[in-house]
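Predicted model only: the values in this text are computed from it and were never measured. Side chains are part of it too, since the values below use all heavy atoms of this structure and drop only hydrogens, waters and symmetry mates.
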Amino acid sequence: LAKLKISTITDVCVTVGFVDAYENTNDHVAGEIDGTALRNMSNTADWCGFTFDTDQTTDVWYVGASNNGTEGTPVAASGSLIPTANTYFYVCVKTDTAGNVTFYYGTKIDRLTAVGYRPTAIAYAATNLLAPYVGFIAHSATALVCTVSRVIVWQDN
């Protein structure tokens, strides 16, 4: 679960979720999206999360995953979710031991709504360990800010 806000929602890519390795290529983050396809996932075998990139004509949140280096096709989150500049919102990425992923979104922590699902076959390899991840990159010379208020990780038994 992450609470964040973006100062400007133009020429920016934000991705929030889980990843097994960081993207070590300059000017890229894990979970980047180009139109409706994931891109630049070369260093990230397993990833699942929300992604938003207005520089690539993606103006709504997408949910997506990469399974053992195979990028699944991301889908637009239910409700055509568009972040509002300088307004906090919550995203939650819930995984299970089989590798299924459910995505939640909301403007209040107690009002999260399921907005997407990726089944094991196209999600991540459940045998791989994933770490919480927030990636942010500006595609212009203008300084942008992504404020991450909190990241909460927990495990149900």
Side-chain angles (χ1 to χ4, degrees), residues 1-20 22-23 27-41 44 46-67 70-96 98-124 130-140 142-156:
L1 174 72
K3 176 184 178 184
L4 55 144
K5 68 179 175 179
I6 308 166
S7 66
T8 305
I9 58 171
T10 55
D11 295 330
V12 63
C13 174
V14 178
T15 182
V16 181
F18 290 98
V19 68
D20 68 343
Y22 66 91
E23 191 69 48
D27 300 326
H28 294 293
V29 295
E32 275 186 74
I33 190 167
D34 183 356
T36 58
L38 293 174
R39 67 183 192 131
N40 301 316
M41 299 290 288
T44 305
D46 289 286
W47 168 83
C48 57
F50 283 86
T51 187
F52 175 85
D53 191 343
T54 56
D55 188 54
Q56 302 299 329
T57 67
T58 302
D59 58 358
V60 298
W61 283 102
Y62 275 71
V63 296
S66 176
N67 184 341
T70 301
E71 300 165 7
T73 301
V75 297
S78 300
S80 297
L81 304 174
I82 302 169
T84 302
N86 288 314
T87 302
Y88 277 107
F89 59 93
Y90 294 86
V91 292
C92 179
V93 180
K94 182 180 178 183
T95 63
D96 64 23
N100 301 302
V101 187
T102 306
F103 302 88
Y104 300 87
Y105 183 94
T107 56
K108 297 195 180 290
I109 196 167
D110 60 344
R111 294 193 182 127
L112 300 178
T113 302
V115 295
Y117 176 78
R118 303 276 72 196
T120 302
I122 55 175
Y124 73 99
L130 301 178
Y133 182 84
V134 176
F136 176 79
I137 188 168
H139 293 295
S140 71
T142 304
L144 304 174
V145 177
C146 178
T147 303
V148 181
S149 174
R150 64 185 63 153
V151 174
I152 301 169
V153 181
W154 70 92
Q155 176 180 344
D156 292 333

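- In this structure, the side-chain contact (heavy atoms from CB on, under 4.5 Å) partners of Thr87, at least two apart in sequence or on a different chain, are Thr84.
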Open item on the list: Ile109 vs Leu1, test: side-chain contact (heavy atoms from CB on, under 4.5 Å). Steps then yes/no.
Closed with: CA-CA 9 Å; Ile109 196 167; Leu1 174 72; 3.6 Å; yes

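- At a threshold of 4.5 Å between non-hydrogen side-chain atoms, the residues Val115 and Tyr104 do not count as touching.
- Across all non-hydrogen atoms, the minimal contact from Tyr88 to Ser149 is CE2-CB, 3.7 Å.
- Taking the six-membered ring wherever Trp is involved, the centroid distance between the rings of Tyr62 and Phe52 does not fall below 6.0 Å.
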- [ ] Please lay out, stage by stage, how Tyr133 and Phe18 fare under the test side-chain contact (heavy atoms from CB on, under 4.5 Å).
- [x] CA-CA 5 Å; Tyr133 182 84; Phe18 290 98; 6.0 Å; no

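- Note: Asp11 CG to Ile137 CD1 = 11.5 Å, rounded to the nearest 0.5 Å.
- Between Ile152 and Arg150 there is a side-chain heavy-atom pair separated by less than 4.5 Å.
- Proximity of a side-chain donor or acceptor of Thr15 to a complementary backbone N or O of Gly135 within less than 3.5 Å is not detected.
- With a 4.5 Å cut-off on side-chain heavy atoms, Val93 and Val16 do not count as touching.
- Considering only heavy atoms from C-beta on, Val19 stays 4.5 Å or farther from Asp46 through its side chain.
- In terms of heavy atoms, Leu4 sits closest to Cys146 at CD1-SG, 3.8 Å.
- Between Lys3 and Phe89 there is no side-chain heavy-atom pair separated by less than 4.5 Å.
- Looking only at side-chain heavy atoms (C-beta outward), Cys92 and Phe103 stay at 4.5 Å or farther from each other.
- Across all their heavy atoms, Cys48 and Thr95 have their closest contact at SG-CG2, 3.9 Å.
- Counting heavy atoms from C-beta outward, Tyr117 and Asn100 have side chains that approach closer than 4.5 Å.
- Between Val60 and Ala76, the shortest heavy-atom distance links the atoms CG2-CB, 4.2 Å.
- Put simply, the side chain of Val29 reaches to within 4.5 Å of the side chain of Cys13, judged on heavy atoms.
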Open item on the list: Please evaluate residues Leu112 and Tyr90 with respect to the criterion side-chain contact (heavy atoms from CB on, under 4.5 Å), reporting the C-alpha separation (whole Å), side-chain torsions for both, the decisive distance (0.1 Å), and the verdict.
Closed with: CA-CA 8 Å; Leu112 300 178; Tyr90 294 86; 3.6 Å; yes

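- In terms of heavy atoms, Gly116 sits closest to Val63 at CA-CG2, 4.2 Å.
- A pairwise comparison of heavy atoms in Phe136 and Val12 identifies CE1-CG2, 3.1 Å as the closest pair.
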